[in-house]
Amino acid sequence: MSTPSATVRRQLAWWAVAVVPLSFLGLFFLWPVASVLVRGLFEDWDMAAGWAVLTSSRTLEAIWTTLYLALLGTLGSLAVGLPAAWALGRFEWRGRRTVRALLTTPFVLPTLVVAAAFSALFSSSGLLGSWGLDQTPASIVLALTFFNVSVVVRLVGNAWETMPSSLAAAARTLGASRARAYWNVTLPALAPTIASAAAVVFLFCSTSFALVLVLGGSRVRTVETEIYLQVNQFLDLRAASVLALVQVAIVALALWISARVGGARGFTQAVQGRRGPRRFERLAVVGALVPAVVLLVLPLSALIERSLRVGDGYGLDHYAAIFSVPARNVLPVSVAQATLNSVVTAAIATVIVAVMGLLVTALVARRSRRGSLLEGLTMLPLGVSAVVVGLGMLLTLNTSVLGVDLRASWWLVPIAQAIVALPLMVRAMLPAVRSLDPRLRAAAASLGASPWRVRWHVDAVLLRPAVAASLAFSFAIAMGEFGATAFVARPDRPTLTTAIARLLSRPGAENVGLAYASSVMLAVLVAAVMLASERWRARSGGGL
Amino acid sequence: MYGPNGYETMPGGLTVTDLVVTYSGDNPVEAVRGVSLTVGHGETVALLGPSGCGKSSLLGAVVGTVEPASGTVAWNDEELTRVPIHKRRFGMVFQDGQLFPHLDVAGNIAFGPRMAGVSVEARAARVEELLRVVGLEGLGARDVSELSGGQRQRVALARSLAAKPRLLALDEPLSALDSELRTRLAKDVKAILRSQGVSALLVTHDPAEAETMAHRVLRMEDGRLV
């Protein structure tokens with residue numbers, strides 16, 4: 001039994017440790033974002049100006065574009081992803097794992113790489129340039145679909161895979177034909193999973209800054225790219241703040257929908273042996289996978305092809321150009337230097353995430369009311385788009401704004417990336433920590449281990465793979481981060497992602513070729529780190 | 001051979017002849033190695049054996065969830081070996097119930113009549129009747145996730161019976177329950193099967209359960225009847 005004073009002491013100790021992540025999140029997330037929103041609502045107590053921004057045709061068009069692009073992207077992802085999830089989850093066949101791994105790769109690619117790939121495919125000299133999709137909503141919807149098919153395949157495919165086959169068999173013994181068992185049992189049982197996958201995809205689609213910025217050009221503008229344009233071209237911070245408010249509302253809407261449709265229903269029964277496809281089912285499996293595979297392979301091969309195309313032939317010139325400073329002041333440094341900047345900032349971001357993430361995980365592992373408060377606060381950046389986080393930091397933490405006096409503010413970049421990666425790291429860690437069997441600790445203690453030695457010899461050893469996996473994941477997120485980074489990275493110290501975005505926005509075959517070569521490099525770097533992370537995670541048994 | 005009411009059983013019912021089930025793969029397994037058996041009208045036959053003896057594979061081949069390598073399954077004189085599951089009119093009670101998670105108790109029980117095209121009113125009446133038969137009156141609107149283990153199996157039994165099967169296959173229907181409940185439910189299931197006059201083929205590894213519920217007990221070992 002613990003005496004009241006011991007309880008109080010434990011609570012004080014909890015708050016003493018919690019001060020560290022709380023002040024980090026408060027200073028670099030809550031304050032910046034809150035001040036942007038407050039500024040949007042009532043700067044100078046003049047709400048009429050804000051209202052004018054909100055009701056301008058330009059803003060309304062951006063809101064409309066955001067919503068319909070997200071909706072079409074979600075429908076596209078379901079249309080391509082559900083047949084693929086069926087083919088991968090329903091049957092067992094040779095090569096299934098390989099195809100599944102292939103189809104889930106886009107999820108780990110930075111959005112900017114996806115944007116570059118689709119621009120390589122659809123730009124006038126691209127593989128499908130003759131389709132005239134460059135700078136159209138259609139190209140953005142296809143890119144959104146490319147990116148989010150992997151979400152559908154992951155979530156729905158998993159549910160399909162773990163759904164006991166005897167559920168459909170039960171329907172068959174009750175007189176349902178194969179088709180009716182499918183419509184009346186299999187699909188309804190999967191419906192909650194499909195709905196929550198759709199909600200997640202809608203959220204991703206409505207916050208897909210890089211895709212729209214690169215592929216939409218000057219013609220297609222969503223709320224997020226409009227925020228960026230208002231800050232960088234029109235220097236209108238009031239408009240940007242009002243738009244940030246709108247974006248927070250859109251994301252809140254997406255989260256509300258996702259909460260309403262409820263979580264995926266888990267099937268926990270042991271999976272019974274799935275059979276291979278028979279006769280015409282093989283044709284159906286192939287047919288179901290073709291759209292997803294084509295959509296995956298085409299843009300990526302276009303990206304690689306364009307990165308190798310030099311004049312009329314092929315060569316490694318664009319890759320060689322990574323090591324020299326581009327002509328005509330497109331970039332102040334070489335892409336190699338920008339890559340180094342990215343690696344350094346991502347490493348710093350990972351250190352920050354490691355410290356804050358482990359503290360938060362330790363504090364909220366044992367469920368309590370104060371624990372869930374801290375957990376909710378840590379997860380909050382997921383509910384605010386990265387663009388709003390970046391804008392907030394730009395407006396509040398730079399003493400003078402917009403290229404005038406950027407003083408030694410490069411540290412804002414790793415901090416912004418850490419804010420974006422922290423919730424994902426904690427989300428990956430918590431299940432691993434909570435699934436530690438308390439009896440193991442009790443066993444160690446009964447064998448004479450002190451509480452600290454239990455932590456060291458049991459907890460730390462068992463959690464090592466999960467920690468390694470989630471930190472590698474954080475590093476990859478930070479490397480590929482663009483939404484927040486675009487606002488806080490200094491022009492004279494670009495990261496790899498801001499360098500690619502700048503190269504893509506400039507005319508000239510050399511610039512674009514260099515952008516494609518750099519995108520390939522970024523994709524390889526991030527994918528390698530992500531694969532290592534997946535491997536460690538598989539060993540630790542935790543999940544996202 | 002005597003049936004449930006002391007009358008001599010009618011000829012026919014289920015006839016299984018020389019049934020063989022093999023699982024292909026890197027190590028092909030012959031799970032059932034030439035089994036022949038009969039289940040008369042209204043008779044309950046138990047297949048008793050240790051796990052892995054092939055009794056569930058045999059049951060699967062009878063119902064149609066497993067494709068036999070050779071041998072035949074027939075009802076009266078009707079050959080069913082190649083008839084799809086849903087046209088055999090053989091019901092199945094699974095070990096863990098396999099209740100449809102998206103339907104409530106009544107929806108689960110009404111599933112078979114719905115597939116058979118029974119009208120909504122007749123379905124509702126059938127659901128009421130079967131809820132009474134399995135002793136769960138008034139639980140029709142209950143979500144299946146709110147049921148206890150014993151209630152789940154009662155609903156699974158009611159659901160199978162609602163489809164008016166000519167044979168009911170029960171695959172370890174009580175093995176997920178604790179032993180006290182199992183003994184009580186075994187008696188209930190027996191009474192229900194008798195009252196409905198349905199033929200039943202029960203698979204179990206529990207000799208007491210087999211003795212309680214079945215007219216006849218067949219022992220199975222290593223893919224063969226012994």
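The figures that follow rest on heavy atoms only: side chains count, while hydrogens, waters and symmetry mates do not. Chain identifiers are assigned alphabetically (A, B, ...) following the order of the sequence lines, protein sequences preceding nucleic acid strands; residue numbering begins at 1 within each chain.
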A:A171 portion near chain B, given a 4.5 angstrom heavy-atom threshold: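 The answer is both parts of A:A171.
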A:R172 versus chain B, the contacting section by heavy-atom distance below 4.5 Å: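 For A:R172, backbone and side chain are both near chain B.
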What are the two closest heavy atoms between [X] and [Y], and how far apart are they?
X      : Y      : value
A:L174 : B:S160 : CD2-CA, 3.8 Å
A:P188 : B:H102 : CB-CD2, 3.0 Å
B:Q98  : A:S166 : NE2-OG, 2.8 Å
B:M115 : A:A176 : SD-CB, 3.4 Å
B:R114 : A:N184 : NH2-OD1, 2.9 Å

Could you look at [X] and say if it's the side chain, the backbone, both or neither that has a heavy atom under 4.5 Å from chain A?
X     : answer
B:Q95 : neither
B:F94 : side chain
B:L99 : backbone

Whether over 12 other heavy atoms sit under 6.0 Å from B:D77 CG: no
Student check: side-chain heavy atoms of B:F100 and A:L167 closer than 4.5 Å: yes
Contact leader toward chain A among B:R88, B:R89, B:K164, B:R159, where contacts are heavy-atom pairs under 4.5 Å: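 So the answer, after comparing B:R88, B:R89, B:K164, B:R159, is B:R159.
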